[in-house]
Amino acid sequence: MSMIIFEHIRDFDLGETLSCGQSFRWRRQGDGSFAGVVYGRRVTAVLDGDRLLLDGADEEDRALWEAYFDLALDYGAVKERLSALHPEMAAAAHYAPGIRILRQEPFEALITFIISQNNNIKRIEGIVDRLCEHFGEPIGGGAYAFPTASRLAALEPDDLMPIRAGFRHRYIIDAARKVDAGEVDLEAIRTLPYDEARRSLMTITGVGVKVADCVLLYGLHRLEGFPLDVWMKRAMTTLFDGMDPSDFGEYAGIAQQYIFHYARMHDALFR
DNA sequence: ACCCAGGAAATTC
DNA sequence: GAATTTCATGGG
């Protein structure tokens, strides 16, 4: 069994990063490690001091995992810059200083955030699990890859009944078909100007401004993205009145993740 | 029974 | 055009 080790890791916490609402396929194990499937590979992640251990990962995929956990970006420096903007920003970053923005599979980010609309995180995870079990490739150990666009594109909305995603079924199928046909080119969107990228994603039924921003931030690593969901809108009026997403600069998306998690963990403050 | 959930589409005013 | 309702499903 293979394993990769990353040394001298800072500003990183697996629990904070994998349980802050940006991804839906990681599970905390009884021993405190996290099991997940990424890019069709099943791994178990453990942070031992300043060493990140990825059990089940291959050495030839080192660059992929470094990118996935965004290990090349100095989050300490980012936090300093953001914290200087506003005292509440500093408080949010201090609350969960180990959050990083993952580079998820773009198609997975698209589908999971379509599923996220008018939904809660617990149920989103269940729907995503069932989607993978029913339509993803088995990769051993009872694990499944995230379904491909072409597999889902061949289905009809009613074929998704077993995953119990309700009115989102037709949104998922429309997204898969547009991606499969190249009508929405996720890799081309990666380098488009932000507004054009957003407009292209919004040609999919069921993708509005907020879901498009999530796909850009979590799937295409556009760190200027600033998804405004109900929690973020509350936080902006309560804590950052008068501030605009663009005021957070090129790392606005990272600021957003600190704030989102902080708001959700302090819901009494935002009612 | 009622309300809400990391929204967006459909309908109504 | 802006405001309101509806859309499945599950948990509190």
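Chain A is the first sequence line, chain B the second, and so forth, proteins listed ahead of strands; every chain is numbered from 1.
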Hey, can you pull the residues of residues 95-108 of chain A with a non-hydrogen atom under 4.0 angstrom from DNA chain B?
-> none

Listed in order of residue number, which residues of residues 152-172 of chain A have a non-hydrogen atom at under 4.0 Å from DNA chain B?
-> A/Phe167, A/Arg170, A/Tyr171

Counting any heavy atom closer than 4.0 Å, what does A/Phe24 reach on the DNA or RNA strands: base, sugar-phosphate only, or nothing?
-> nothing

Answer with base, sugar-phosphate or nothing: what part of the nucleic acid does A/Gly206 contact at a heavy-atom distance below 4.0 Å?
-> sugar-phosphate

In terms of heavy-atom contacts, A/Ile111 and A/Leu131 come closest through CG2-CD2, 3.8 Å

Polar side-chain contact A/Asn118-C/dA8 base: donor and acceptor under 3.5 Å | yes

Salt bridge flag under 4.0 Å for residues A/Lys178 and A/Asp174 = yes

A/Arg168 side chain to A/Ile115 main-chain N or O, any donor-acceptor pair under 3.5 Å?
-> yes

Pick the P atom in B/dT11 and in C/dA8, then give their distance to the nearest Å.
-> 12 Å

Nearest-angstrom distance, P atom, C/dT4 to B/dG6 | 23 Å

Rounded interatomic separation in angstrom, taking CD1 from A/Ile127 and P from B/dA5 | 16 Å

Rounded to the nearest angstrom, tell me the gap between atom CD1 in A/Ile114 and atom C1' in C/dC7.
-> 15 Å

